[in-house]
Amino acid sequence: PSTSATAAAATAPAPARKCPSSLFAKLGGREAVEAAVDKFYNKIVADPTVSTYFSNTDMKVQRSKQFAFLAYALGGASEWKGKDMRTAHKDLVPHLSDVHFQAVARHLSDTLTELGVPPEDITDAMAVVASTRTEVLNMPQQ
Ligand code: HEM
């Protein structure tokens, strides 16, 4: 009986929950992603292309929101309770363009590289970031 139970478990479909195999877990989980978010915003506030957008922002709060969003987007949390990406960025002035999006994406990619994340995991994480582009830039839905 125990052997057939083992066989059944081995052939059962993977559970729907994302935790163990998620990209969030692969990147090192909470501590690693918190460290990445911290370093990422140090780059953002030092880059005049994007820093002005955050001149009235409490960056401690922003770090915590970005951590929560990334935990969700990378499969480490089941929900994100903040704003959707279209709403969060629609009123920024001047209106966001690819110049801003690429700068932010580059800072995240550089951060992950500096933290020693394997290139294939960086590629996967950047695909998740790229998937937010239409909404962040408030482009028409395809
Ligand atoms: C690359 C993908 C991006 C992601 C995933 C992202 C994610 C987020 C998240 C999770 C929030 C918080 C939303 C809330 O309050 O519930 C936010 C707010 C914000 N984002 Fe982004 N963002 C991205 C790109 C950008 C870019 C390119 C800029 C401008 C250079 C930008 C500027 C801002 C600003 C100014 C806020 C509001 C800060 C405040 O509340 O004072 N974001 N973003």
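Counting starts at 1 for both ligands and their atoms, following the listed order.
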With backbone taken as N, CA, C and O and side chain as the heavy atoms from C-beta onward, which portion of [X] lies under 4.0 Å from ligand 1: side chain, backbone, both, or neither?
X	answer
Phe69	side chain
Trp80	side chain
Asp58	neither
Leu92	side chain
Arg133	neither

Of all the atoms in ligand 1, which lie at a distance below 4.0 Å from a heavy atom belonging to [X]?
X	answer
Gly82	16 (O)
Val50	30 (C)
Thr132	2 (C)
Ala88	13 (C)
Thr57	38 (C), 39 (C), 41 (O)
Phe54	31 (C), 32 (C), 33 (C), 34 (C), 35 (C)
Val104	1 (C), 26 (C), 27 (C)
Phe101	1 (C), 2 (C), 27 (C)

Trace of the ring pair (Phe, Tyr, Trp, His ring centres under 6.0 Å) decision for His107 with Tyr41: CA-CA 8 Å; His107 289 314; Tyr41 279 116; over 10 Å; no
Go through Lys39 and Asp110 one step at a time and tell me if the salt bridge (charged side-chain N to carboxylate O under 4.0 Å, His left out) criterion holds. CA-CA 10 Å; Lys39 203 172 173 64; Asp110 286 351; over 6 Å; no
Would you say [X] and [Y] make side-chain contact, with heavy atoms under 4.5 Å?
X	Y	answer
His95	His89	no
Leu96	Arg133	no
Thr134	Arg86	yes
Leu108	Val129	yes
Lys81	Tyr72	no
Phe40	Val104	yes
Asp38	Phe67	no
Val61	Ser64	no

Of the listed options Met59, Met126, Gln66, His100, closest to atom 7 (C) of ligand 1 (non-hydrogen atoms): Gln66
Nearest to [atom], what protein heavy atom do you find, and at what distance?
atom	value
atom 28 (C) of ligand 1	Leu96 CD1, 3.7 Å
atom 9 (C) of ligand 1	Met85 CE, 3.7 Å
atom 16 (O) of ligand 1	Lys83 N, 2.8 Å
atom 35 (C) of ligand 1	Tyr53 O, 3.3 Å
atom 37 (C) of ligand 1	Gln62 OE1, 4.4 Å
atom 15 (O) of ligand 1	Lys65 NZ, 2.9 Å
atom 3 (C) of ligand 1	Val136 CG2, 3.8 Å
atom 43 (N) of ligand 1	His89 NE2, 2.8 Å

Please indicate whether Glu120 has more than 12 foreign heavy atoms, meaning atoms of other residues, nucleotides or ligands, lying under 6.0 Å from its CD. yes
Looking only at side chains, do Asp84 and Thr87 share a donor and an acceptor under 3.5 Å apart? yes
Carboxylate-amine/guanidinium contact Lys43 Glu114, below 4.0 Å: yes
